[in-house]
Amino acid sequence: MFWKMHLQQDPRFSRWYRRVEGRPGWVWTATLGAAAAVIVVPLVLLTLAALLVAAAVFAVLSLVAAGLRFIHRLGASLTGQGTGQRRWPAPFEPDDGRRNVRVIDRS
């Protein structure tokens, strides 16, 4: 409120204030819409571009990891190191995690 009164009474701004106040509502709507378009549209496009680049990098690195895993498995099978058993997690042993503990077998 104070700024409105101050601008109306200030000789430097009173002419511009009257000019702006005399415009119809659709002019303000069009002006604000154009300003929003100028600001929002590039931000949305930049965000979409960043998401596309991130997805492409993720896909390429996933393919590289899959290729390296395939080469490692191929090398292990050619050298006889691949026995078909997985090393992790370790195969189940009957006493895994039960050392020094009395276990009642109810089977």
Side-chain angles (χ1 to χ4, degrees):
M1 296 286 190
F2 172 75
W3 286 102
K4 191 172 184 180
M5 293 294 285
H6 179 69
L7 287 176
Q8 285 175 347
Q9 295 171 354
D10 192 339
R12 295 174 295 174
F13 298 114
S14 63
R15 182 178 62 161
W16 291 102
Y17 183 80
R18 281 190 307 246
R19 185 178 292 175
V20 168
E21 279 288 314
R23 300 287 180 234
W26 65 270
V27 173
W28 282 108
T29 305
T31 304
L32 292 176
V38 166
I39 293 171
V40 171
V41 170
L43 287 177
V44 169
L45 292 177
L46 285 173
T47 303
L48 289 175
L51 288 173
L52 287 174
V53 168
V57 167
F58 181 77
V60 167
L61 291 179
S62 295
L63 290 174
V64 168
L68 290 175
R69 192 171 35 246
F70 174 75
I71 291 172
H72 177 71
R73 286 182 186 166
L74 184 62
S77 66
L78 291 177
T79 59
Q81 293 175 351
T83 60
Q85 279 189 337
R86 293 176 57 184
R87 293 188 323 178
W88 185 261
F92 177 73
E93 298 284 331
D95 64 343
D96 278 350
R98 298 188 220 160
R99 293 188 182 101
N100 298 326
V101 176
R102 183 174 176 199
V103 177
I104 300 173
D105 188 16
R106 297 185 185 206
S107 56

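Ala37 approaches Pro42 most closely through the heavy-atom pair O-CD, 3.6 Å. Between Thr31 and Val27 the shortest heavy-atom distance is OG1-O, 2.7 Å.
Note on Leu48: it clusters hydrophobically with Val40, by side-chain heavy-atom contacts below 4.5 Å among ILVMFWY residues.
Atoms CG and OG1, from Leu52 and Thr47 in turn, are 11.0 Å apart once rounded to the nearest 0.5 Å. Atom CG of Leu68 and atom CG of Leu61 lie 10.5 Å apart (nearest 0.5 Å).
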